[in-house]
Amino acid sequence: MTQLINPTILVVGLGKMGGTLVNGWLAQDVDSKKIHVVEPNPIQVMGLNCKTLNIYQGPREININFFPDIILFAIKPQIMDMVVPEYERFKEKSTYISIAAGKNIAFFESLLGSDSSIIRTMPNTPASIGEGITIACGNRNTSQKCKNYFFYLFETLGQTEWINDENLMDAVTAVSGSGPAYVFLLAETLANAGEKAGLDKNMAQKLSIQTIIGSSLMLRSSQENPSVLRNNVTSPGGTTEAALSILMNEKGLNSLICEAVETAIKRSKALSN
Ligand SMILES: NC(=O)c1ccc[n+]([C@@H]2O[C@H](COP(=O)([O-])OP(=O)(O)OC[C@H]3O[C@@H](n4cnc5c(N)ncnc54)[C@H](OP(=O)(O)O)[C@@H]3O)[C@@H](O)[C@H]2O)c1
């Protein structure tokens, strides 16, 4: 972890992802006094594992002399243009971080000014257990200090990567931002198929979930790439080969996942407007 800094953070929106990030930081012993949250919905605040955070219902409640190092927008892309301008007064001293799908740096510059420091990121929900991956890029005002803030905050939640080509963010969003949902869908459908084949619900779920967990850990610990691991399970003329002849046919998983990712990319691009 990048240890040299300990920034003050203002998180705007404490929904699924904002809550994931804040709870993740608290679990990693980030000082709760340094975390400030704007969240109008009291129910979301009740879900927090810490009662000592600084919570505001709106930006007007923030002390006029308080300037966080980081302002992190974790609200829905659809309300960004309404909410973001309320934080313009911080721009001389704060770096803005967005985790929103689709919304590009030019969008934030149009609301906050091209002289503001803006980092666009895409985290994912495994961040809640320190197993996330977050990709980031920044505008020309993003100093090394701002980048260090990003690495400090997101390295506590999993892996991080800085990229220079913002155009790649739509593909990142479609692969790793939305990706956990694809894996959870696999868990659901494998369990459903097991149930349809006669297993009871609990047994089908247990087999499906543990198979995905075990296979994921093998992916991490093995030096081999996924296709080698797959081949290792596939004996000629066996049951796996029979199943894969369906999953790997022309209309199989490869074409479905490619279509899903392409569709997510289109949606990400559409959200930028
Ligand atoms: N979910 C994911 O897996 C994921 C992954 C990567 C990135 N993201 C990004 O994360 C962002 C948030 O997504 P989410 O799924 O966490 O949405 P969410 O659960 O709806 O959270 C948004 C939160 O913001 C609150 N909010 C609404 N207006 C606000 C305001 N003016 N000021 C402060 N907070 C306000 C909402 O309160 P109400 O409930 O009262 O509306 C809600 O608690 C999105 O931009 C999304 O693209 C999500």
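In listed order, ligands and their atoms are each counted from 1. Computed over heavy atoms, backbone and side chain alike; hydrogens, waters and symmetry mates excluded. Please read these numbers as outputs of a predicted model, since none were measured by experiment.
Below 4.0 Å from some heavy atom of T125 lie the following atoms of ligand 1, by number and element: 3 (O). The distance from ligand 1 to the heavy atoms of P77 drops below 4.0 Å at these ligand atoms: 44 (C), 45 (O), 47 (O). Within the listing of ligand 1, atoms 5 (C), 6 (C) sit less than 4.0 angstrom from a heavy atom of P123. Residue V83 approaches ligand 1 through these ligand atoms, each under 4.0 Å from one of its heavy atoms: 31 (N). The distance from ligand 1 to the heavy atoms of N41 drops below 4.0 Å at these ligand atoms: 37 (O), 38 (P), 39 (O), 40 (O). Taking every heavy atom of V12 and a limit of under 4.0 angstrom, the matching atoms of ligand 1 come to 32 (N), 33 (C). Residue-ligand proximity, I79 to ligand 1, at heavy-atom distances under 4.0 Å covers atoms 27 (C), 28 (N).
Some N or O of M17 is nearer than 3.5 Å to an N or O of ligand 1, by distance alone. Residue A101 has at least one nitrogen or oxygen atom sitting less than 3.5 Å from a nitrogen or oxygen atom of ligand 1, judged on distance alone. Every N/O-N/O distance between E86 and ligand 1 stays at or above 3.5 Å. Checking only distances, K16 does come within under 3.5 Å of ligand 1, N or O to N or O. Considering backbone and side-chain N/O atoms, Y87 never comes within less than 3.5 Å of an N/O atom of ligand 1.
No option in V22, L21, I35 other than L21 meets the side-chain contact (heavy atoms from CB on, under 4.5 Å) test with L72. A side-chain contact (heavy atoms from CB on, under 4.5 Å) with T95 holds for exactly one of N141, I118, I119; it is I119. None of T263, D170, N104 except one satisfies the side chain to side chain donor-acceptor pair (under 3.5 Å) rule with S268; the exception is D170.
Within the 4.5 Å cutoff, side-chain heavy atoms of M17 are placed close to those of T125. A 4.5 Å side-chain heavy-atom check between M169 and I135 finds at least one atom pair inside the cut-off. Using a 4.5 Å heavy-atom threshold, the side chains of E155 and T134 count as separate. You'll find the side chain of Y152 reaches within 4.5 Å of the side chain of N6, heavy atoms only.
Considering only non-hydrogen protein atoms, atom 33 (C) of ligand 1 sits nearest to V38 O, 3.3 Å. Among all protein heavy atoms, the one lying closest to atom 21 (O) of ligand 1 is G15 CA, 3.1 Å. Scanning all protein heavy atoms for the shortest distance to atom 11 (C) of ligand 1 gives I75 O, 3.4 Å. Remark: minimum distance from atom 35 (C) of ligand 1 to any protein heavy atom is reached at P40 CD, 3.4 Å. When only non-hydrogen protein atoms are considered, atom 25 (C) of ligand 1 lies nearest to E39 OE1, 3.3 Å. From the protein, the heavy atom lying nearest to atom 22 (C) of ligand 1 is A74 O, 3.6 Å. Here the heavy atom of the protein found nearest to atom 9 (C) of ligand 1 is I99 O, 3.2 Å. The protein heavy atom nearest to atom 13 (O) of ligand 1 is K76 NZ, 4.1 Å.
Inside a 4.0 Å radius of atom 16 (O) of ligand 1 there is at least one protein heavy atom.
For Q28 (side chain) and V30 (main-chain N/O), no donor-acceptor pair under 3.5 Å exists by modelled atom type. The backbone N or O of I212 sits nowhere less than 3.5 Å from a side-chain atom of S215 that would complete a donor-acceptor pair.
Residue contacts with ligand 1 for M122 involve side-chain atoms from C-beta outward but no N, CA, C or O (heavy atoms, distance under 4.0 Å).
In this structure, a donor-acceptor pair under 3.5 Å is present between the side chains of N139 and T142.
Counting heavy-atom neighbours within 6.0 Å of E259 CD, excluding the residue itself, gives a total of 12 or less.
Note that the OG atom of S176 and the CD1 atom of I133 stand 6.0 Å from one another [nearest 0.5 Å]. Note that CG of L199 is 11.5 Å distant from CD of Q205, once rounded to the nearest 0.5 Å.
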